[in-house]
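For the numbers below, each heavy atom of this structure counts, side chains included, while hydrogens, waters and symmetry mates do not. Atoms within a ligand are numbered from 1 in the order they appear, just like the ligands themselves.
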Amino acid sequence: MTTEGKAAPALHYLDNNATTRPAPEAVEAMLPFLTDKWGNASSMYEFGGRVHRDMEEARAKVASFLGCDPGEIVFTSCGTESDNHAIFGAVEALGPATTVITTKVEHPAVIQPCRALEERGRRVVWIGVRGDGTLDMDAYRAALAIPGPKLVTMMWANNETGVIFPIAEAAAEAKRAGAVFHTDATQAVGKTTGVDMSAVPADMLSFSGHKIHAPKGIGVLFIRRGTPVRPFVLGGHQEKSRRAGTENVPYIVALGKACEMAAEETRDGTLDRIRALRDRLEAGLLAIPETSVNGNRELRLPNTLNISFPYIEGEAMLYHLADAGVCASSGSACTSGSLDPSHVLKAMDVPFTSLHGSLRFSLSRYSTDADVDAVLDAMPGIVKKLRALSPFGH
Ligand code: PLP
């Protein structure tokens, strides 16, 4: 029941780039590690050793999902920590003359470490994007020509628009220029094929469990053997002295299961089903006058739709959508709470009126036709009502 005594509407969760529902299979896999198998994976005796073996089994599943060696997987607490580790750790190893090359549309988990380095006197080059959110490759190549040690940190897929960067090509060019290459693949893993470290010459890759149906509080940093990178969290010898702190075995086990399921989904047609649902949502919303999609519609994750309804505010639309049980986002969940327009859409030169009227819908394996119908039923009326009140006279 709501506070007004009305029955709460059914939940239509379309905010999967913010977080995902933990898969029941992943939760089931982790529960024994909260009840019987609660030993410390670092202990010398068998009660801990058994737990250690289960953790290593999960590491092998994550490694197989990413196409790398289990010894190249470091477990962290989240995607943000993995990004911080890669950036600060590589710059410390490469030395004070390092140039950092990044983009203007990264998640704050990359932007803020890069800004902090800039404040400490490091040179940071911010590469822009085109109007459709794709990477300015000419500017990237020019940055790679800067002499001296370099770290590139570049997202694989954008959390707001779903636009995919050409990471295989960008990593290969970085390697030819002698740069260390890190990619924040938090939104790409499980949602696009090709995240395969045996084929892509990236040195480091970050991702987060809670975006692929594992619990919140577990992240991964892939570090290719031989990559110059110092530890970020200092303390004990866990994770082969690359990340101190007692390992979160329940979540690691859940993540192993989630990776196994995500790997299956890149092959079994689930991504096509998600894409078809997203496309139906997109077509229905584009029927509302003056709407437009933000981001390249081909080079895009199959689950993401960023769409602008000019002359009205995203926050107001979200408020009304919530009445219909729909959860969506007006930009990055991490920046909601501030009314600053999206830095991603600003970098794409999206006009002012559309910038403020943008919504992000993001789907998952659990999304249904009923979720799409709920949005398509509610949105025309919401837009009409808000435009009637708009100071822009529509
Ligand atoms: N990078 C990207 C592209 C993201 O979308 C997010 C979360 O939204 C993160 C990093 C941060 O991940 P976490 O929430 O696990 O810290």
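Between the choices G79, S77, A185, the shortest heavy-atom distance to atom 13 (P) of ligand 1 belongs to G79. Between the choices A18, P108, S208, the shortest heavy-atom distance to atom 15 (O) of ligand 1 belongs to S208. Taking only non-hydrogen atoms, the option from E160, K216, H210, H107 nearest to atom 6 (C) of ligand 1 is H107. When K211, M155, Q187 are ranked by how near their heavy atoms come to atom 7 (C) of ligand 1, first place goes to K211.
Counting the atoms of ligand 1 from 1 in the order shown, those under 4.0 Å from a heavy atom of N159 are 3 (C), 5 (O).
Under 4.0 Å from ligand 1, the heavy atoms of D83 that appear belong solely to its side chain.
Atom CD of E298 is surrounded by 12 or fewer heavy atoms from other residues, nucleotides or ligands within 6.0 Å.
Using a 4.0 Å cut-off between charged nitrogen and carboxylate oxygen, R53 and E56 do not count as a salt-bridge pair. Ion pairing between K175 and D203 holds under the 4.0 Å rule for side-chain N and carboxylate O.
In this model, a donor atom of one side chain and an acceptor atom of the other lie less than 3.5 Å apart for T368 and D371.
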Quick one: do E260 and K257 satisfy salt bridge (charged side-chain N to carboxylate O under 4.0 Å, His left out)? Show the steps, please. CA-CA 5 Å; E260 220 173 43; K257 183 67 194 171; 3.2 Å; yes

